[in-house]
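Worksheet: the structure to be examined is printed underneath.
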Amino acid sequence: MVNESQINGFLALTLLMVLFLSGPASSQTKDQDTVSREPRGFSQRESSTGYTDSLPVFGGPTSSEGQLEEADRVLDPAFRFPAIDEFYQPWTDWKTTTNKQQGVQISTHYSTMAQYLSDPIPDGEDKASAGVFRGTLVWSPFQNKTDEKNSVNIMIDHRHGFRDTVPANLAAEAGYIGVTSLFYGDFGWAIINLNWQQSFNNQDTGLIVGRYDPNDYMNVLGHVNPWSLFSNLDSNLDTSVALPDSSWGIGVGHWLNDQWYAFAGANDANGFGNDDLEFFDGGSEFFKYGNIGWSPGKADRYFKKYTHAGVACG
């Protein structure tokens, strides 16, 4: 088992990598609005506070940047309540200013899920409900000093049940081997993401070091967002391979040209969302993965692509 001093050593090494990879800061500050950042896998959408700058180089909709971008989209609502818009305007203005001046982007959301089984197994539960609070913070300390992306990414969840059975476990009450409601469990507070991300080569190369969910970068598909689209595990992940979870690791991706890309990484095979930030608690076992893919263009990566992936554990 890895002790506390080893964990501190890993964090110190990560910090040194952050300082090294970021490079010296330029003495000339660029206006954020003049820095060109081409979307990587998102269509260009209007943003209420300018969070389109957090479009990920290789991440998916449930990555830290993907969550920020989606939460910040300007939507056309079915009903408009001007009083509510006015109430939230100071908050929106503060987020805009904080993003431009300090490079800090934040979002929070709260979601609930209730499910009912019409035909549970004998003596099984037929109802389940739970809630999830999620807070996401991305800090880009050098965003106005370089064209490359660089950020500290933190994502915190509080997952709690309202009944003895939560939606993440209800499928078993019907004899179904799977998870019909991803994320809606009951383990309290957990740090899901705690990592540093850095891009190079005009954002054609991306690096992530720290704690993250490999599923946010491996076999990324545009519809994979349990918060707003499909919630069934089989709709979100490739269940034909071993499924990783949030854990310590490293990943790197590169656009070979405007259409071909590759991504690879390695994570603690025994890590999971509420493991109290344990570092290789189950031994030095790794979940290793690699992706090579083709897309008509970098901005089409989410919905138009062909990809081949390989994974290994050990």
Side-chain angles (χ1 to χ4, degrees), residues 1-15 17 56-64 66 134 153-157 159 168-169 171-172 177-179 181-198 206-221 224 226 232-254 261-293 307-314:
M1 181 174 179
V2 179
N3 58 38
E4 183 178 355
S5 62
Q6 291 174 305
I7 295 176
N8 292 335
F10 174 83
L11 295 176
L13 178 61
T14 301
L15 178 59
M17 292 182 65
V57 178
F58 286 98
T62 52
S63 65
S64 299
R134 168 163 289 188
N153 299 266
I154 303 173
M155 182 183 289
I156 300 176
D157 280 6
R159 306 182 186 182
N169 299 331
I177 302 176
V179 179
S181 189
L182 199 59
F183 292 160
Y184 292 92
D186 186 16
F187 55 63
W189 290 105
I191 298 178
I192 307 301
N193 283 351
L194 180 59
N195 59 69
W196 173 265
Q197 297 188 33
Q198 177 73 44
L207 172 72
I208 180 170
V209 179
R211 182 179 178 83
Y212 68 98
D213 187 345
N215 296 298
D216 292 339
Y217 300 87
M218 180 182 65
N219 292 336
V220 169
L221 294 173
V224 177
N232 192 303
L233 178 68
D234 289 335
S235 300
N236 285 276
L237 303 176
D238 181 3
T239 54
S240 66
V241 300
L243 295 177
D245 203 344
S246 293
S247 55
W248 299 100
I250 183 171
V252 61
H254 179 67
Y261 64 91
F263 189 91
N267 286 70
D268 178 4
N270 299 301
F272 56 97
N274 63 327
D275 61 4
D276 295 326
L277 301 181
E278 292 287 351
F279 188 62
F280 291 108
D281 186 32
S284 299
E285 296 180 320
F286 294 89
F287 176 84
K288 293 160 283 192
Y289 55 96
N291 261 98
I292 186 167
T307 183
H308 179 75
V311 300
C313 290

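None of the values given here were measured: they were computed from a predicted structure.
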Tell me the closest heavy-atom pair linking [X] and [Y], and the distance in Å.
X: Ala171; Y: Gly178; answer: CB-O, 3.4 Å
X: Ile250; Y: Tyr289; answer: O-OH, 4.3 Å
X: Ala190; Y: Gly273; answer: CB-O, 3.4 Å
X: Met218; Y: Asn291; answer: CG-OD1, 3.6 Å

Quick one: [atom1] on [X] to [atom2] on [Y], what's the gap to the nearest 0.5 Å?
X: Phe279; Y: Asn270; atom1: CZ; atom2: CG; answer: 12.5 Å
X: Ile292; Y: Thr307; atom1: CD1; atom2: OG1; answer: 8.5 Å
X: Leu277; Y: Ser246; atom1: CG; atom2: OG; answer: 10.5 Å
X: Phe280; Y: Asp268; atom1: CZ; atom2: CG; answer: 4.5 Å
X: Asp275; Y: Phe187; atom1: CG; atom2: CZ; answer: 9.5 Å

Checking the side chain of Asp276 only, and the main-chain atoms of Glu278 only, is there a donor and an acceptor separated by less than 3.5 Å?
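Judged by distance alone, no pair lies under 3.5 Å.
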Does Arg211 offer a backbone N or O that forms a donor-acceptor pair with the side chain of Asn195 under 3.5 Å?
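Pair found, side chain donor or acceptor close to backbone of Arg211.
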Is any side-chain heavy atom of [Y] closer than 4.5 Å to one of [X]?
X: Leu207; Y: Trp196; value: no
X: Thr62; Y: Met155; value: no
X: Asn193; Y: Ser64; value: yes

Would you call the rings of Phe58 and Tyr261 parallel, tilted or perpendicular, where under 30° means parallel and over 60° means perpendicular?
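If you compare the ring of Phe58 with that of Tyr261, the planes turn out tilted.
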Parallel, tilted or perpendicular, as decided by the 30° and 60° cut-offs, for the rings of Tyr212 and Tyr217
perpendicular
side-chain contact (heavy atoms from CB on, under 4.5 Å) for Asn274 and Arg159? Distances and angles first, verdict last.
CA-CA 10 Å; Asn274 63 327; Arg159 306 182 186 182; over 6 Å; no
